[in-house]
Amino acid sequence: MILTGKTIVSALRPPYPYGGEFVSQFLFALRLCWFPLLVSTVAFGYGAPGLQAANFLVLFGALDRLGGFFVLASIREFAPFVVAIVLAGVAGTAITADLGARKIREELDALQVLGVDPVKNLVVPRFLALMVVTGLFDVYALLFGIFGGILATLVNGAPLGPFWATFFTNASVTDLWGSLVKCTLFGAIIAIVCCYKGMTASGGAAGVGRAVNQAVVIAFLGVFAFNYVFTQTLLATHPEITVIK
Amino acid sequence: MGWLAVPKDWIATFGEMSKFCGKIVGQVYGLRVFRFFGEALRQCGILILSSTLVIWGLVFIIGLQCGIEGAYFDRSVGAPAYAGVFAAWCDLRELVPYAFGYMMAAKVGTGIVAELGSMRISDEIDALEVMGFNSVTFLCATRLLAAWLVLPFMYIAAIGAGFFASYLAVVQQIGEVSSGGFFLIFWMFQNPPDLLFSLLKAMVMATGIVLVGCYYGYNASGGPVGVGTATAKSMVLNIVFVHLIGMLGTQLFWGANPRAPIGG
């Protein structure tokens, strides 16, 4: 919590020495995550909302409603959620391992002695990079999640036209913004938890491993708890998006 | 040649991993692991004490989530009474296995990598070999056996936690369905084979996660940094793995047969 405040303050206050680090962290997260995320979102979109919901709707003879369901399932819930899981598991653990190793080798203390603020030069770029990356990955996950849905529709032998029709009548800008904001905040939670755990690692090799373990557990729990509160608030404050047309 | 190196590397790692996993599974089935049954029981105890509550907590939150989304969706199609379907399907068939897999990967999987990795780094595994212990049996096979002993029960309790959370969200929080109405639909839309399939899915995930954790931990190298990277790498593989199992399981168990009492 204190680290969050410190990070935001030092992100906003000049000077801004973290440009290069920001870009490299951004590319790092991008390179690490694109493939796991692709597999995960297609698998998730095809399996959970795709097949199960299609089964349910086929019984009603209303498979064309699957598009509408995908707005609800994929945009509002699963895309941000899968992105958060993958980012926490892949980029978050890498960040904790990296910072933890630096802490163990006393590089962080060395930086401090040199008069370089580790929060400003290490945490802030990771924090910003992860926020931007999760926000952008949300769109990516949406695309591939919907691809999973299309796959499920095709497996059931239905035409795609009705899928898109119900999808676009139901999709609203509020949904998309809600999804993006949620995802960006997930990125912030993950970055802060993982940086904190990395920077406070202690106790040699076992310590780094344990720090990664704890970081990922705390990040998951934090993301899920936050997700529940956010969905609840969004649904309650925007009743119009809960109506399926 | 440059771009070919990466996929080649992957294939080589995959082969090594399969060999290693085959060895562990063989030792559990070959009953050689029972020489170290005490150690297996100790691992069971560690699993129960350190991981159970976290997994149940995550499943509980997922259950709440399923409950509210389901209730809003069913209201919009004009069938609010059917919110129980979501509790039965979303919880039992899809999200509880996923949540279980995620938390297993995060808590147990990385825990095993960190533990075995630091043993490898501090040469404890080599010390075991010198003392005449079979280190794969002693360290990895016992953990797999412990997981198989404990996790089915933990998983069933986790499903219970998820159901309870959905009930809370649908009946107590949103309050459009009476408790009796919820349970009528809820029990109508599931049957014992569903529970068995869900359990199977979760157990395949758990087995995979423990094996991947053992592989990366056992083969860690390169000092404290190496342990950290091995932990991070195992997490990547586990996440992909959990999603693939989830999808294949759904396709296999429910793909052609929704098993629901609607229509003909």
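Computed over heavy atoms, backbone and side chain alike; hydrogens, waters and symmetry mates excluded. Convention: sequence-line order gives letters A, B, ...; per-chain numbering from 1.
For Leu95(B), the part sitting under 4.5 Å from any heavy atom of chain A is the side chain, from C-beta outward, and nothing else. The part of Val212(A) that comes within reach of chain B is its side chain, from C-beta onward, which places non-hydrogen atoms under 4.5 angstrom from that chain. In this structure, no portion of Val113(B) lies under 4.5 Å from any heavy atom of chain A. For Arg102(A), no part lies under 4.5 angstrom from a heavy atom of chain B.
Between the CD1 atom of Ile62(B) and the CZ atom of Phe81(A) there is a distance of 3.5 Å, given to the nearest 0.5 Å. For the atom pair Leu58(B) CG and Phe220(A) CZ, the distance stands at 8.0 Å (nearest 0.5 Å). Note that CG of Leu221(A) and CD1 of Ile61(B) are 6.0 Å apart. Values are rounded to the nearest 0.5 Å. Atom-to-atom distance recorded for Met247(B):CE and Leu151(A):CG is 8.5 Å, nearest 0.5 angstrom.
In terms of heavy-atom pairs under 4.5 Å with chain B, the best-connected choice from Asp98(A), Val216(A), Ile85(A) is Ile85(A).
Within the 4.5 Å cutoff, side-chain heavy atoms of Asn227(A) are placed close to those of Gln65(B). Side-chain contact between Thr231(B) and Thr93(A): absent, with no pair of heavy atoms (C-beta onward) separated by less than 4.5 Å.
Within a 6.0 Å sphere centred on CZ of Phe164(B), heavy atoms belonging to other residues, nucleotides or ligands number 12 at most. The neighbour count for Phe147(A) CZ, taken as heavy atoms of other residues, nucleotides or ligands under 6.0 Å away, does not exceed 12.
Across all their heavy atoms, Ala232(B) and Ala94(A) have their closest contact at CB-N, 3.9 Å.
Among pairs with a residue in residues 232-243 of chain B, those fulfilling side chain to side chain donor-acceptor pair (under 3.5 Å) read Ser40(A)-His243(B), Tyr102(B)-His243(B), at least two apart in sequence or across chains.
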### Test log, rule side-chain contact (heavy atoms from CB on, under 4.5 Å), inputs Met235(B) and Val90(A)
CA-CA 6 Å; Met235(B) 197 65 207; Val90(A) 178; over 6 Å; no
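With Asn213(A) as the fixed residue, the side chain to side chain contact (heavy atoms under 4.5 Å, CB included) test singles out one of Thr110(B), Val108(B), Ile112(B): Thr110(B).
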